[in-house]
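Comments concern the structure below.
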2 protein chains.
Amino acid sequence: MARGEGPAKPRLRDVAREAGVSLGAASDSLSGKNQISEETRQRVRDAAKRLGYVPDPSARALSSGKVRAIGFVIGALQRPGEFAAYRTHWADIIGAGTLAATERGYAFTVLPGLEGELMVNVPVSGLMVLDTGPQDPYLEAAFGRGVPVLTDGVSEDDRVAVDAHLDFRSAVAEAMDHFAEQGATRPSLMWPKLQTVSTRELERGYLEWCEQHGVQPLLFIVDLEAGGTHEAIEALLRSPADAVLVAVPVTAALIEAAEKRGLNVGKDLRVITLDENSDRRLEQLDISTLAYSIAEYVDGAVARFIDVIEGKRPPGQRSNVALSFTARGSSLGTRLRRRAGDQG
Amino acid sequence: MARGEGPAKPRLRDVAREAGVSLGAASDSLSGKNQISEETRQRVRDAAKRLGYVPDPSARALSSGKVRAIGFVIGALQRPGEFAAYRTHWADIIGAGTLAATERGYAFTVLPGLEGELMVNVPVSGLMVLDTGPQDPYLEAAFGRGVPVLTDGVSEDDRVAVDAHLDFRSAVAEAMDHFAEQGATRPSLMWPKLQTVSTRELERGYLEWCEQHGVQPLLFIVDLEAGGTHEAIEALLRSPADAVLVAVPVTAALIEAAEKRGLNVGKDLRVITLDENSDRRLEQLDISTLAYSIAEYVDGAVARFIDVIEGKRPPGQRSNVALSFTARGSSLGTRLRRRAGDQG
DNA sequence: CTGAAAGCGCTTACAG
DNA sequence: CTGAAAGCGCTTACAG
């Protein structure tokens, strides 16, 4: 090992010898399998501890035929602007995913892609690929890996083992209905320049709603990689929009810019933010939100995924998680709490 | 497999047969080892592709004797409040770590601890444990795993393979010197209720500076797990402090609370924030910062770590990364840009 | 390049 | 429980 020419690592046979039992009994004792007297078991455990024995995971995986690891593909890691914009989101997903996986005895490995060496050298028994685009290369690569795949919203493809869908389409309709109830006539959508399941649903949901209600669509695209936040916000503020569903993490900047222009956020411009439930400041800022519990969503998805991996459920599992709407000052025409606070 | 009773996965021997070469030649062709004619190599690659062959990483690791994976221990995952408070930080570290590792052919596995099954079943050739406390249980467990360990600021322990140190102590002194130059007489420190390398250095650096300059220390502790942000901020605002180094992610809330009280941030209360370089809003808010490039820090640390793992460098590597200070309105007594903007 | 073999460190089934 | 053996799927060294 790197530490130098120290003594060779102890092997299971060394533990068996130390404990005075057979190799098979040592294996059974440590893995908790078969009938082994508690006394023997303890003797083996003690011997293992004494020698500093650590089982070789690769050997275990090879001989038992099961790897207990989930790979999580974050293609956005290769697009710094996008990753940075959504990093609270990624942290929440990685955190929840790691906990969900490890609680069930699985490791959680983050991957920035599936090319070349990685494709080949990382032991995984399942791959998670979220926020996929059409004919997503990561998703295709994941299918090629020969393990079950979890993704969101690709219900058409029967190679998907678990589809954990977030219902953005209904969420958009709910937001637009709320805007209309509040008297807005030109509700708009601000979204990221990304081609993912979520953005497709957002667009579809928005355009459908507009058509059904005879409203002319107003779309504002934020190019995260090019730092296009300011530009998109300015375009919105120059437009006839009197309400906006913000589906990209720029809400605080938007509010600030609007107020700077003298607009009364919540009245002149109604704002609902989506998918930023990771930012606690939004509540303080009195922003209406469409949110969901990332921890619950991920834990449920991972739980079903592991069941599929272990053959306890058939592949092809689908779920549909609704977002929940909370109306606050930013869409209700009341004065924002934050400004009220400034005066006090 | 979970997909059902499909055909057995192709093995290397199947590829060899399909390509009409020997098992050894097939192995060499795919791994790029030894002298193999380009024609044969290609023939094997084609056969592998045709069959959908994916090498078994566990078998590779076992027979070659090398695992290419780094485990990253985030104990904070088991403390939701703490993890949430620092999640932009964690996202940046995980992102940078994943890229740094995978660029060098290593997988990056996130672990919420090292207990039980995890300790045993996750294949890693090295463990990273950052933000450790004294006699840190995760660090001790990592040593017990028998692989090289990367950590920050535990220079005393010669079991550490790579010590990637962030120089918070000098950073504190720099901040305090700046406060003093600006005329502050009661500079204070606000920090999290955590026992880590960073917090120890912060405390030591601050108390030393206070002693050297005959200043009475003023410490404000934020209990992240108990949601103690508001409390700590109120305590600060009631105190005689006229400057504060904020070493916990509550700067925006602090500024807001101070302004609400009618304080002129930057003059009545000078503010420097530390370790929130992940939040772009701080620049917009005109906050002075002590920051470092997480990506550079992590990439350098991982690069050296992998060198040690592969025996290209001896263990015991140490580095010391300085934070860089940027003075902005919040410590310079000028009017904050944000408030100026509100008027315009 | 071939071909046959050993070996990595386990798990697993089996006769006793 | 023991003991000896087979096997997981590769890599590696070796004689030809």
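What you are looking at is a predicted structure, and each value in this text was computed from that prediction instead of being measured. Quick note on labels: first sequence line is chain A, next is B, and so on, each numbered from 1.
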Using a distance-only test with no angle check, is there a side-chain donor-acceptor pair under 3.5 angstrom linking His165(B) and Asn320(B)? yes

For dC10(C), take OP1 and OP2 only and decide whether either is under 4.0 Å from a side-chain N or O of Ser27(A). no

Integer-rounded Å distance: dA13(C) C1' and Asp28(A) CG: 11 Å

side-chain N/O Tyr53(A) vs dG9(C) OP1/OP2, d < 4.0 Å: no

Note, Ile74(A) side chain near Ile94(A) side chain (heavy atom, < 4.5 Å): yes

Out of dG9(C), dC10(D), dT2(C), which nucleotide sits closest to the side chain of Ser63(B)? dC10(D)

If only atom types and distance count, is the side chain of Asp152(B) paired as donor or acceptor with the main-chain N or O of Asp131(B) below 3.5 Å? yes

Tell me yes or no: between the side chains of Arg68(A) and Ser125(A), is some donor less than 3.5 Å from an acceptor? no

Does Arg60(B) put a side-chain nitrogen or oxygen below 4.0 Å from OP1 or OP2 of dC10(D)? no

What I want to find out is whether Arg304(B) reaches Asp307(B) closely enough, with some N-O distance under 4.0 Å, to be called a salt bridge. no

In this structure, how many angstroms lie between the C1' atom of dT12(D) and the NZ atom of Lys66(B), rounded? 12 Å

Atom CD of Glu38(B) to atom C1' of dC1(C): distance rounded to whole Å? 15 Å

Provide, to the nearest angstrom, the distance between the CZ atom belonging to Arg17(B) and the P atom belonging to dA4(C). 14 Å

Side chain of Ser22(B), heavy atoms from C-beta onward: which of dT2(C), dT12(D), dT12(C) has the nearest atom to it? dT2(C)

Ser58(A) and Ser58(B): side chain donor to acceptor below 3.5 Å: no

Under 3.5 Å, is there a donor-acceptor pair between the Asp163(B) and Ser319(B) side chains? no

Whole angstrom value for the distance that separates P of dG7(C) from CZ of Arg13(A): 11 Å

With a non-hydrogen cut-off below 4.0 angstrom, is Ser58(B) in contact with a base, only sugar-phosphate, or nothing? nothing

Nearest-angstrom distance from the residue atom CG of Leu23(B) to P of dT2(C): 11 Å

Runs of at least three Watson-Crick or G-U pairs with DNA chain D, cut-off 3.5 Å: C:1-3 with D:14-16, C:5-12 with D:5-12, C:14-16 with D:1-3

Hey, which sits more toward the 5' end of DNA chain C by its nearest nucleotide, Gly24(B) or Thr40(B)? Thr40(B)

Closest to the Ser64(A) side chain, choosing from dT11(C), dT11(D), dT2(C): dT11(C)

Between P of dG7(D) and CG of Leu62(A), the distance in whole Å: 14 Å

Separation of dG7(D) P from Asp56(B) CG (nearest whole Å): 17 Å

